[in-house]
Number of protein chains: 2
Amino acid sequence: MALFLSTFINRIDKKGRVSVPASFRASVSAQAFNGVVLFRSHAHACLEGVDYATMEELSGRLDAYDFLSSDQDDLATSIFGEAVQLTFDGDGRIVLPADLIAHAGLGDQVAFVGMGRKFQIWNPDHYKARRDEARQHVFEKGLTVPRRPDGDKGGRD
Amino acid sequence: MALFLSTFINRIDKKGRVSVPASFRASVSAQAFNGVVLFRSHAHACLEGVDYATMEELSGRLDAYDFLSSDQDDLATSIFGEAVQLTFDGDGRIVLPADLIAHAGLGDQVAFVGMGRKFQIWNPDHYKARRDEARQHVFEKGLTVPRRPDGDKGGRD
DNA sequence: AAAATATCCATGTTATACCATATGTATAGG
DNA sequence: CCTATACATATGGTATAACATGGATATTTT
């Protein structure tokens with residue numbers, strides 16, 4: 001299992017600890033780093049989560065830019081400077097830093113929303129509105145999943 | 001773990017000593033040289049930091065220029081000529097040379113900003129402005145991380 | 001000898017690894 | 001078909017270790 005699927009609501013305690021859904025943990029269990037990487041979403045009041053391998057892949061793709069170029073600098077600052085890597089404790093929990101909790105407006109409950117290669121962390125109340133909005137956009141604009149890109153070998157896992 | 005991630009604020013004492021964040025130290029621990037390489041940023045009032053292996057790779061990239069070309073000469077001078085190797089002491093600290101402290105306008109606190117394969121060292125106050133600027137550039141220019149480069153096998157898992 | 005550099009030690013704070021308990025779900029038995 | 005039990009997950013609390021930081025001592029350099 002490599003994909004983040006479905007939505008889970010978990011509690012967050014006073015110290016910012018929260019259990020990562022077991023199925024999400026299974027999705028990153030093949031990694032060397034036992035945990036996830038989080039950063040603030042630029043588009044929404046939520047957090048984005050990926051596995052460590054995804055960060056490595058992003059780093060590799062950034063090499064397409066010249067070293068020391070200003071575009072590479074802007075991207076690297078925005079992506080890597082703000083990211084935090086959070087290790088699972090023995091029971092599969094992570095501790096959310098206070099500034100990330102603030103950015104997402106999290107209370108005592110958080111929603112883990114699977115989005116395939118990544119996942120998002122929401123205040124459950126805010127997420128409902130976001131979900132309806134997303135559905136509405138897909139319907140109004142008639143959005144579809146694009147066909148496979150040329151170079152993609154299309155591994156079905 | 002080879003990536004520099006996240007931002008850390010550490011104190012600098014009167015002698016210019018500062019702790020390198022533990023996770024950054026872990027990122028260079030595979031190297032033979034127990035320390036980091038720093039040089040002045042050309043674009044900003046900050047310092048750039050890499051591990052020794054990256055310097056070797058940069059050297060390889062510069063081979064793209066013709067040997068004895070003036071461009072290669074300029075780059076090699078400003079990168080390799082200015083670079084300093086700083087060894088960790090027993091507690092993971094380095095001593096920042098006075099001219100580098102001056103260039104970055106460092107006070108009693110420094111921000112280590114992870115940027116993937118490299119990191120930057122900032123005056124924390126200046127960095128906040130820089131972070132916002134970078135985000136703005138990414139948004140205005142619509143910068144994205146490019147698709148996989150040609151040679152990239154792009155293995156996930 | 002003086003200054004600069006490196007090594008060592010000691011301490012407070014913070015994070016995290018560990019343990020113990022609850023809750024919910026699936027399974028098996030009556 | 002309902003109930004009891006066992007398993008897996010989630011949650012709450014505590015102790016230990018790692019880290020950052022300040023200071024002191026030794027070593028080298030000029």
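Chain identifiers are assigned alphabetically (A, B, ...) following the order of the sequence lines, protein sequences preceding nucleic acid strands; residue numbering begins at 1 within each chain.
Rounded to whole Å, the distance from CZ on A/Phe112 to C1' on D/dT9 is 14 Å. To the nearest angstrom, P of C/dT5 lies 16 Å from CD of B/Gln85. Spacing between atom CD1 of A/Ile12 and atom P of D/dG12 amounts to 11 Å, rounded to whole angstrom units. Rounded to whole Å, the distance from CG on A/Asp13 to P on C/dT16 is 14 Å. Between the CZ atom of B/Phe88 and the P atom of D/dC19 there is a distance of 12 Å, rounded to whole Å. Rounded to whole angstrom, the span from the CZ atom of B/Phe8 across to the P atom of C/dT14 amounts to 16 Å. If you measure from atom CD1 of A/Ile9 to atom P of C/dG24, you get 15 Å, rounded to the nearest angstrom. Taking atom CZ on A/Arg11 and atom C1' on C/dA22, their separation rounds to 12 Å, with Å as the unit.
A/Val20 comes within contact range of the sugar-phosphate backbone alone, with a heavy-atom separation under 4.0 Å but no base atom that close. The residue B/Lys15 sits apart from the nucleic acid: no heavy atom pair falls under 4.0 Å.
Note on A/Lys15 versus A/Asp13: no salt bridge recorded, every NZ/NE/NH1/NH2 to OD/OE distance being 4.0 Å or above. Comment: A/Asp73 engages B/Arg130 in a salt bridge, judged by a side-chain N to carboxylate O separation of less than 4.0 angstrom.
Ring orientation note: the planes of A/Phe8 and A/Phe24 are nearly perpendicular, at an angle over 60° on the 30°/60° scale. Ring-plane geometry between A/Trp122 and A/Tyr127 is classed as tilted, the angle between the planes lying from 30 to 60 degrees on a 0 to 90 degree scale.
Place A/Asp89 and B/Ser19 on DNA chain D by their nearest nucleotides, and A/Asp89 ends up nearer the 5' end.
For A/Lys14 and D/dG12, the shortest distance from a side-chain N or O to OP1 or OP2 is not below 4.0 Å. Applying the 4.0 Å criterion to OP1 and OP2 of D/dA20, one finds that B/Arg25 has a side-chain N or O inside that range.
In this structure, B/Gln72 and B/Leu75 have side chains that are not in contact, with every pair of non-hydrogen atoms separated by 4.5 Å or more.
For DNA chain C, the residues of residues 90-104 of chain B within the heavy-atom distance limit of 4.0 Å (strictly under) are B/Asp91, B/Arg93, sorted by number.
Proximity note for A/Arg17 (side chain, C-beta onward) versus D/dA10, D/dA24, C/dC18: the nearest is C/dC18.
Contacts classified as side-chain hydrogen bond (donor to acceptor under 3.5 Å, both in side chains) and involving residues 75-84 of chain B (residues at least two apart or in different chains) are not found.
Once rounded to the nearest 0.5 Å, the distance linking CG of B/Leu86 with CG of B/Leu96 reads 6.5 Å.
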